[in-house]
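Inspection log for the structure reproduced underneath, given as structure tokens.
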Amino acid sequence: MKDFRCFINGAWVNAQSGETFESTDPFTAKVWARIPKCDARDVDLAVDAARRAFDTGEWSKLNATQRGHLLRKLGDLILRDADHLASTEVQDNGKLYAEMRGQVGYIPQWFYYFGGLADKVEGAVMPIDKPDMFTYTRHEPVGVVAAITPWNSPLLLLTWKLAPALAAGCTMVIKPSEFTSASTLELMRLIDEAGFSKGVVNVVTGFGADVGEAISTHSGIDKIAFTGGEASGRRIAQQASGTFKRLTLELGGKSAQLVFPDANIDNAVKGVVSGIFAATGQTCIAGSRLLVHESIHDQFLEKFVELAKTARMGDPMDMATQVGPVTTQPQYKRVLSMIEMARNEGAQAVMGGQPADRLECGDGWFIEPTVFAGVRNDMRIAQEEVFGPVLSVIKFSDDEEAYSIANDTAYGLAAGVWTSDMARAFTAAKRLRAGTVWTNTYRAVSYMMPFGGFKNSGMGRESGQEAIHDFLETKSVWLAFNKDVPNPFVMR
Ligand code: NAD
């Protein structure tokens, strides 16, 4: 059993209440760690520390080049400890070690990229219409930023907030998911070692209802960068409106993969498998609706099921495993209940549809990769996010119908297009109402590429140069050099 502590004002501390809660390994279904159960009192301490660091601390005196240097150092330390961070995430979250090794090896790129960008944020001199004025803009850090993160990719999704926020000069209070706090706390050791001064980055652990709500209503926090479910995002937006906090919301999805008759079928099969069964379907970008042209529907489905059936389930630490457990027990129950719902709606399970009762899955929360055919887009299984290994297959007869079905959802996070016709690829990229459109690939992300949602999938963008502007305020500066102050009762 491992005992973790929170990280507040540069110190490792227990919750004010002295209470803890348990974290469970999804592969063994056994408790492996105790995490401090924080409440509003701990949030107050963390916000005070972050405020002081922002307003008057050593951090506030650093220039942007020095901040960038710290970020790059942090990237190097993450690379050094990649193995440890990856295996911590596997134990706490059930993600595959093979995926985590790649992910943690790639995460430093965000710190290098935003470290490099830190001292390239430039204001502008405006060619103002008033002859006796000189005007320019400055981009200043928004202040204290709270990062609230989900359980599915804790380190990566925290990085997408941490790197641009620190590059901008903000300080941070982080609340990881109550299901997966461990990797975030391990990262704080490296924050400390890299030399970030006390209070710049703080972590409070606990539940959404107490820690999360205390954060979203706190008057000392200027911005919330949230990734999580739609309902929590809506609640946070309501609570944050009391103090007009700036908000970035990265929410859920019901992304469509469109397979046209001219697609390379073997590649499309692999791309659709990756979109829905990689990470056990627990990704916001899961391609959970397969839209396939009626002329290739049967052939595609046969090949798809043939490949999907070979997916190896089991110990996420084993490099050969391809599908790991569902991360949390409530999510395991929820996915099974949605499978039941789909059956009741008349969808036909052509593969899976039950818990994975296999020796290699031990006591873990495993669900068989599941494929429902004969789905109509107005069924709940086609409209609601499952966040698990469940694919809905829908036929279309022409391109217009494909775009119309793909866009007929409350979400707009991502879409996949499989075609060998470049004109069709450009048209689809334009017609699909989603923050990311992948053509002949899926699930690709980069520190250079903006990521975020249309519609109920959220607001704001993470990654890419524009992400840093979500952590900055624009200040307009006016200098008058006329000798006489003109009529004070008339607008200038
Ligand atoms: P969740 O919304 O239940 O929890 C996310 C975080 O919000 C947790 O830290 C939780 O404690 C906190 N929280 C919950 N209620 C809160 C409240 N009232 N006030 C403040 N904080 C609160 O989501 P989850 O189950 O951890 O993650 C799965 C969801 O995240 C899915 O819907 C998925 O699509 C979404 N997601 C989106 C992206 C993206 O980039 N768009 C990426 C990954 C996951």
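Read the numbers this way: they start at 1 and go in the same order the structure lists the ligands and their atoms. Side chains included, hydrogens not; waters and symmetry mates left out as well; all remaining heavy atoms used.
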State the atoms of ligand 1, each with its element, that fall below the 4.0 Å cut-off from a heavy-atom position in [X].
X	value
F451	40 (O)
W151	24 (P), 25 (O), 26 (O)
T227	5 (C), 36 (N), 37 (C), 38 (C), 39 (C), 40 (O), 42 (C), 43 (C), 44 (C)
N152	43 (C), 44 (C)
L157	42 (C), 43 (C)

TODO: Could you tell me whether some N/O pair between E230 and ligand 1 is separated by less than 3.5 angstrom?
DONE: no
Open item on the list: Evaluate G228 for polar contact with ligand 1, using N/O atom pairs at a separation under 3.5 Å.
Closed with: yes
Is the contact between [X] and ligand 1 made by the side chain, the backbone, both, or neither, using heavy atoms and a 4.0 Å cut-off?
X	value
A231	neither
V211	neither
L251	backbone

Does any donor atom in the side chain of [X] or [Y] lie under 3.5 Å from an acceptor atom in the other side chain?
X	Y	answer
Q239	T217	no
N377	R289	yes
N456	E230	yes
W32	D92	yes
Y113	Q465	no
K455	T409	no
K245	T243	yes

With a 4.0 Å cut-off on heavy atoms, is [X] in contact with ligand 1?
X	result
S177	yes
W160	no
P176	yes
F179	no

Among all protein heavy atoms in this structure, tell me which lies nearest to [atom], with the distance rounded to 0.1 Å.
atom	result
atom 11 (O) of ligand 1	E178 OE1, 2.6 Å
atom 23 (O) of ligand 1	G229 N, 3.3 Å
atom 42 (C) of ligand 1	C284 SG, 2.9 Å
atom 12 (C) of ligand 1	I148 CG2, 3.7 Å
atom 6 (C) of ligand 1	T149 O, 3.4 Å
atom 14 (C) of ligand 1	S232 OG, 3.6 Å
atom 28 (C) of ligand 1	F387 CE2, 3.6 Å
atom 7 (O) of ligand 1	F226 CE1, 3.2 Å

Just say parallel, tilted or perpendicular for the rings of [X] and [Y], cut-offs at 30° and 60°.
X	Y	answer
W59	F196	tilted
F277	F304	tilted
F27	F366	perpendicular

Salt-bridge present ([X], [Y]; N to O < 4.0 Å):
X	Y	result
R376	E345	no
R189	E193	no
E250	R461	no

- [ ] Run through F451, Y106, F114 and flag the one making a ring-ring contact (aromatic ring centres under 6.0 Å, His included) with W160.
- [x] F451
Where the closest heavy atom to [atom] is concerned, which of [options] has it?
atom	options	value
atom 31 (C) of ligand 1	E462, E385, R334, R235	E385
atom 13 (N) of ligand 1	A286, A240, A209, G208	G208
atom 27 (O) of ligand 1	G435, G452, P150, A146	P150

Open item on the list: Tell me if the aromatic rings of F7 and W12 count as close, with their centers under 6.0 Å from one another.
Closed with: yes
